[in-house]
Amino acid sequence: MTRPLTLGVWLACGLAAQNAVAQDADHPAFEFETTSVRETIAPGPNIFVNSQGWDSASAVRVYGTDELDFKGIMSAGFQGNSAVSADGKTLYYVSGYYSRLSYGDPEHVLQIFDVDRLTPVAEIQLPLKVAQYTADASLLRLSADEKFIYVQNSTPATSVTVVDLTTKSMVQEVPTPGCFGVFPTLEGHSFSTICSDGSFMTVALDDAGETLGTTKSEMIFDPDADPIYLASDRYQGDLMFLSYNGTIYRAADHAGTVELVTTHPITEGTEGWLPGGYVPITVNEANGIAFVPMHPSTEIGTHHRGSEEIWAYDLENGTLLYRSPADNATSVFVTDDAQPALYTLNLRDDEIAKYEVDTEAKFAVKKAVSHNGIGFSTVLETAAQQ
């Protein structure tokens, strides 16, 4: 039988409670925290990684360039492609949206983000023609003066939408039949595109974004015997492309028509190795060194495989300098400094990594820091912003 509490027990309980309250007043066990949101990301140069969503929202992830500290994300729709302004302050993102998330009425939108605040500041409606393909830098490119942005279309007929960023409006759609990828010139508003016959088409635009004319180059590469990747870089103003067989094609585009300057067969004398990945070439401007992820293979169709090594190739002397171990690099990006840093993406391990480059040891590279959680990422780039 349960007995009722006596008066003495009640008094004892009351005194104990009073003592506990007094102790808490003198020595509080905890304090409530006030949460807040940072207005801007941490200062310093950034590296941008496009984590493309095929079954969820795409996102550009922002990391610090020194230790790859994660700063935040900017999200968009399905299968997004991105471009970053030269000062690193503005990011452009084109992607697809559907009224019922994964189905329904579709629309294609170009979004403009303030990088410091990771916030969208404007958006521009586009024709429902944007090429939704594995992310590649050539699918969304800024003109040299950043007045225009060029959007690759594919329905599957190919064309390029020209958007005026000063008026936030579409100027025109330029037909580019049989050609794909956008490679703007370093001056003016022209751009070139790779054609299926191994040539390049160059489109010249005036200051209003209207077409002045088009030209077609001679065959630059053999699309059957030695096809090239869409990914490219520049060296001394020239475009640098890499073929599936390991040949670097150097092409000039400043004279109004793309012209072949020279070729560098980097696998010459080294049998059984091929380049692979999604961005398989990057060039350090200060030293004239191309870095290429390589894997052992002699088979056609292995051009997207991750690396076992990263090769450093001297463009001025046409010599292979060093072969560094590098497990499954699928995209590479090197800074243009005299003492460069090399960054890689690894799709298999969901990883971004920074490699130290030893300029005194034939540009050997060694992994310094890495982080997981990048998602399906194939494009990375930095900007000059500090």
Tell me whether [X] shares a hydrophobic cluster with [Y], the cluster being built from Ile, Leu, Val, Met, Phe, Trp, Tyr side chains joined at under 4.5 Å.
| X | Y | result |
| --- | --- | --- |
| V182 | V203 | yes |
| F113 | F48 | yes |
| I281 | Y278 | no |
| V130 | F180 | no |
| I374 | V60 | no |

Taking atom [atom1] as the centre, does [X] end up with more than 12 heavy-atom neighbours from other residues, nucleotides or ligands that are less than 6.0 angstrom away?
| X | atom1 | value |
| --- | --- | --- |
| E218 | CD | no |
| Q339 | CD | yes |
| K362 | NZ | no |
| E39 | CD | no |
| R348 | CZ | yes |
| E268 | CD | no |

Determine whether a donor-acceptor pair (N or O, by modelled atom type, separation under 3.5 Å) exists between the side chain of [X] and the backbone of [Y].
| X | Y | value |
| --- | --- | --- |
| T330 | L345 | yes |
| S154 | A131 | no |
| T378 | A135 | yes |
| Q132 | F78 | yes |
| T185 | E187 | yes |
| D350 | G375 | yes |
| E146 | A86 | yes |
| S58 | Q52 | no |
| E308 | H295 | no |
| S307 | A326 | yes |

In Å and rounded to the nearest 0.5 Å, what is the [atom1] to [atom2] distance from [X] to [Y]?
| X | Y | atom1 | atom2 | result |
| --- | --- | --- | --- | --- |
| I112 | T119 | CD1 | OG1 | 13.5 Å |
| S232 | I194 | OG | CD1 | 7.5 Å |
| H304 | T302 | NE2 | OG1 | 10.0 Å |
| L242 | I266 | CG | CD1 | 6.0 Å |
| L126 | H108 | CG | NE2 | 8.5 Å |
| D145 | D207 | CG | CG | 8.0 Å |

Establish, from distance only, whether the side-chain atoms of [X] and [Y] form a donor-acceptor pair under 3.5 Å.
| X | Y | value |
| --- | --- | --- |
| D337 | T335 | yes |
| S138 | D136 | yes |
| T257 | T215 | yes |
| S192 | T202 | yes |
| S85 | D87 | yes |
| Y235 | E316 | yes |
| N346 | N328 | yes |
| N50 | Y93 | yes |

For the residue pair [X] and [Y], establish whether any side-chain heavy-atom pair is separated by less than 4.5 Å.
| X | Y | value |
| --- | --- | --- |
| L205 | F191 | yes |
| E356 | K367 | no |
| T282 | V279 | no |
| Y313 | V292 | no |
| Y150 | T193 | no |
| L118 | I41 | yes |
| T344 | P293 | no |
| K89 | D116 | yes |

Could you tell me which non-hydrogen atom of [X] sits nearest to which non-hydrogen atom of [Y], and how far apart they are?
| X | Y | answer |
| --- | --- | --- |
| P340 | T359 | CD-CG2, 3.9 Å |
| S370 | L68 | CA-CD1, 4.2 Å |
| F148 | D206 | CE1-O, 4.1 Å |
| G77 | S95 | N-OG, 2.9 Å |
| M74 | V62 | CE-CG2, 3.6 Å |
| M170 | E173 | CE-N, 3.9 Å |

Disulfide bond (SG atoms under 2.5 Å apart) contacts touching residues 108-211 (sequence neighbours left out):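 Qualifying pairs, neighbours excluded: C179-C195.
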Parallel, tilted or perpendicular: which one describes the rings of H303 and Y244, with boundaries at 30° and 60°? parallel
Aromatic rings F221 and Y249: how do their planes relate, parallel, tilted or perpendicular, breaks at 30° and 60°?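 Ring orientation, 0 to 90° scale: perpendicular.
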Pair D253 + R234: basic N to acidic O under 4.0 Å: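 Between R234 and D253 there is a salt bridge, with a charged N closer than 4.0 Å to a carboxylate O.
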Under the side chain to side chain contact (heavy atoms under 4.5 Å, CB included) criterion, do F183 and R141 qualify, and how do the steps go? CA-CA 7 Å; F183 307 94; R141 287 290 82 182; over 6 Å; no
Partner of K147 by side-chain contact (heavy atoms from CB on, under 4.5 Å), out of L165, T167, D164: D164
Quick one: which of L380, I352, I73 gives a side-chain contact (heavy atoms from CB on, under 4.5 Å) with R61? I73
Quick one: are the ring centres of F241 and Y229 less than 6.0 Å apart?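 Distance test on ring centres: not under 6.0 Å, no.
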Is it true that F70 and H371 have ring centroids separated by less than 6.0 Å? no
Going by the side-chain hydrogen bond (donor to acceptor under 3.5 Å, both in side chains) test, name the single residue among T161, T176, T158 that passes it with N153. T161
